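Take a look at the structure below.
Fair warning: this is a prediction, and the values are worked out from it, not measured in the lab.
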Amino acid sequence: MVLSSCTTVRPVAATSNPVGNKCGEASASRFLGLFGGSDNMGINKAAKSGGITKISHIDYKIFQFYPFYTKYTVLVYGE
């Protein structure tokens with residue numbers, strides 16, 4: 001059996017709003033690709049967690065410990 005781990009961050013969207021000093025995040029985890037869910041993950045939830053009302057850009061992060069665990073995170077930046 002081969003185990004591996006990696007983290008990838010990708011840009012999703014950008015607006016014309018200035019880059020702020022706040023960051024909010026929302027995450028969801030899956031185990032064995034079957035268990036877990038994405039009900040805790042979303043741009044709106046991430047913005048609320050960081051107290052952001054004007055979004056400047058959004059990133060999407062995936063951490064994977066293959067084949068057992070995957071964590072998806074939305075990162076929202078702004079003011």
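Residues passing the side chain to side chain contact (heavy atoms under 4.5 Å, CB included) test with Thr73 are Glu25, Ser27, Lys61, Lys71, Leu75, sequence neighbours excluded. The side chain to side chain contact (heavy atoms under 4.5 Å, CB included) search around Ser16 returns none, not counting sequence neighbours.
Across all non-hydrogen atoms, the minimal contact from Glu79 to Pro18 is OE2-CG, 3.6 Å. Listed here is the closest heavy atom pair of Ala26 and Met41: O-CG, 3.8 Å. Shortest non-hydrogen contact noted between Gly24 and Ser49 is CA-OG, 3.6 Å.
A 4.5 Å side-chain heavy-atom check between Pro11 and His57 finds every atom pair outside the cut-off. In this structure, Ile43 and Val76 have side chains that are in contact, with non-hydrogen atoms separated by less than 4.5 Å. Residues Tyr72 and Phe63 form no side-chain contact, since every pair of their non-hydrogen atoms from C-beta on lies 4.5 Å or further apart. Side-chain contact between Phe31 and Phe68 is absent, with no heavy atoms from C-beta onward closer than 4.5 Å.
The distance from the CG atom of Asn44 to the CD1 atom of Ile52 is 11.0 Å, given to the nearest 0.5 Å. Atom SG of Cys6 sits about 8.5 Å away from atom CD1 of Ile62, to the nearest 0.5 Å.
Here the side chain of Asn17 pairs a donor or acceptor atom with the backbone of Ile55 at under 3.5 angstrom. Under the 3.5 Å distance criterion, the side-chain polar atoms of Ser56 are matched with a main-chain donor or acceptor of Tyr77.
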